[in-house]
Number of protein chains: 2
Amino acid sequence: MDHKIDRLELPKCMDCACFNLRKAARAVTQLYDKALRPTGLRTTQFTLLVGISMLGAVRVTRLAEIGVMDRTTLTRNLKPLERRGLIQITPGNDHRTRVVTITDEGQKALEQALPLWKKVQADVVKRLSQERWNSMRADLGEVVSLVSKS
Amino acid sequence: MDHKIDRLELPKCMDCACFNLRKAARAVTQLYDKALRPTGLRTTQFTLLVGISMLGAVRVTRLAEIGVMDRTTLTRNLKPLERRGLIQITPGNDHRTRVVTITDEGQKALEQALPLWKKVQADVVKRLSQERWNSMRADLGEVVSLVSKS
DNA sequence: ACAAAATAGGTGTATATACTCCTAAGTAAT
DNA sequence: ATTACTTAGGAGTATATACACCTATTTTGT
């Protein structure tokens, strides 16, 4: 019994949107994480700190929605930040909720990380060209909204 | 001491290439994983099976390179496939190497998964439009090659 | 032939991701 | 007021990801 899959079918799978997006995400993550390494922050953590700092005080579920991230994923991603004292998680007025805020330590870490992020971001955008990155970012947004409506 | 970060600095971070790529990757992964769920395969696993099936017999490091994936990540990603008997890992002629091959079980799983993948892929491409996906895929490839040359 | 260098790969550890199932607390129906 | 429903969130489990460090094997320089 030879396989029933046509030899021409499998190469098509290299066009997989999920594979190509994940691959690109892995690649840039390595680049950004390396750039942020002196701060001890991963890019995921940096992004969370930025969001928390901007929002002031935010519920867990809301923060998860913004990142198109599962709520339970966010809970786990907050752990290392809390352990390092960069954020605080306290019960909200609605006693079901938990509110996340950034600490002074967190602000300081953010100040330290910001110039490193700016450098690697500028480098990536420059090498892609600003136009290409603009259209790419729009496309990525389209992908996200497409999935949200599923 | 009020924070020294200009109020206009943080919103710029929402343009982060890493954040936007990871976010989009999370979104599509949820879509594809859901589509493949009846097979018990995650999209990552499906992609690996496709690659292994196409390449016939491939060394661990080579397979990792193709996916722009850390070698040790691949090692761990192969584990669930091996445990389910979908692939085999055997020592190569060069006794340092390990060669990965797909099993009959793996071929069968692939046959089962292929139409489900085709459906979700076609759906995504259609909703994005073929043109947009084409340009997007080219952009993603550009990102990967950009990072590889760092 | 043998020591040094290079190569292939795995383990330990830590983070990232999400599904299923569970508890607690608020809200609505009667 | 009490029950039913809904909402917010965590815990258990499993996969995904990669860095630092380790071992084993091959290649290379002499």
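Quick note: numbers below take in every heavy atom, side chains included, and nothing from hydrogens, waters or symmetry partners. In this text, all values refer to a predicted model and were calculated from it rather than measured experimentally. So that the names make sense, note that chain A is the first sequence line, chain B the second, and so on, each numbered from 1.
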[N] [atom2] sits how many Å from [X] [atom1], rounded?
X	N	atom1	atom2	answer
B:H95	D:dT23	NE2	C1'	16 Å
B:M69	D:dT15	CE	C1'	12 Å
A:E82	D:dG9	CD	C1'	14 Å
A:R26	D:dC19	CZ	P	13 Å
B:L48	D:dT17	CG	C1'	13 Å
B:L78	C:dG9	CG	C1'	12 Å
A:K34	C:dT15	NZ	P	21 Å
B:D33	D:dT15	CG	P	12 Å

Checklist entry - Nearest nucleotide by nearest heavy atom, which residue falls closer to the 5' end of DNA chain C, A:N93 or B:D94? => result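 It is B:D94 whose nearest nucleotide is closer to the 5' end.
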Checklist entry - If you find the nucleotide of DNA chain C closest to A:D70 and the one closest to A:P80, which residue's nucleotide is nearer the 5' end? => result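 Looking at the nearest nucleotide for each, A:P80 comes out on the 5' side.
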Checklist entry - NA contact type, A:T72, heavy-atom cut-off 4.0 Å: base, sugar-phosphate, or nothing? => result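 Base contact - A:T72 has a heavy atom under 4.0 Å of at least one base atom.
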Checklist entry - Just checking B:R37: base, sugar-phosphate only, or nothing, at a heavy-atom cut-off of under 4.0 Å? => result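 It contacts sugar-phosphate atoms only.
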Checklist entry - Closest heavy-atom contact between B:F19 and B:R26? => result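 Smallest heavy-atom distance, with atoms named: CE1-NH2, 4.3 Å.
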Checklist entry - In Å, rounded to the nearest 0.5 Å, how long is the span from CG of A:L36 to CG of A:L31? => result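 Going from the CG atom of A:L36 to the CG atom of A:L31 covers 10.0 Å.
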Item to check | Sole candidate of B:R37, B:R42, B:Q121 that passes side chain to side chain donor-acceptor pair (under 3.5 Å) when paired with B:Y32 | outcome: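 Exactly one option meets the side chain to side chain donor-acceptor pair (under 3.5 Å) with B:Y32, and it is B:Q121.
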[X] side-chain proximity, nearest of [options]:
X	options	answer
B:T44	D:dG10, C:dA8, D:dA16	D:dA16
B:Q45	C:dG10, D:dA16, D:dA18	D:dA16
A:N77	C:dA18, D:dA16, C:dT17	C:dT17
A:Q30	C:dT11, D:dG9, D:dA18	D:dA18

Next on the checklist: When you compare the side chains of B:T29 and A:R22, does any donor N or O come within less than 3.5 Å of an acceptor on the partner?
Outcome noted: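 Short answer, yes.
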Distance-only donor-acceptor test (3.5 Å): side chain [X], base [N]:
X	N	result
A:R71	D:dG10	yes
A:R76	D:dG12	yes
B:R96	C:dT7	yes

Short side-chain N/O contact from [X] to OP1 or OP2 of [N], under 4.0 Å:
X	N	result
B:R83	D:dT15	yes
B:T75	C:dG10	yes
B:T73	D:dA18	yes

Next on the checklist: By nearest heavy atom, map B:R42 and A:T29 onto DNA chain D; which one lands nearer the 5' end?
Outcome noted: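 Mapping each residue to its closest nucleotide by heavy atoms, the 5'-most match is B:R42.
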Next on the checklist: Please determine whether salt bridge (charged side-chain N to carboxylate O under 4.0 Å, His left out) holds for the pair B:E9 and A:K118, giving the CA-CA distance in whole Å, both sets of side-chain angles, and the decisive distance to 0.1 Å.
Outcome noted: CA-CA 10 Å; B:E9 286 297 302; A:K118 277 173 94 161; 2.7 Å; yes
Next on the checklist: Run the salt bridge (charged side-chain N to carboxylate O under 4.0 Å, His left out) test on A:R127 and A:D123 for me, step by step, so that the C-alpha distance in whole Å, both residues' side-chain angles and the decisive distance to 0.1 Å come before the verdict.
Outcome noted: CA-CA 6 Å; A:R127 284 202 277 165; A:D123 183 49; 3.3 Å; yes
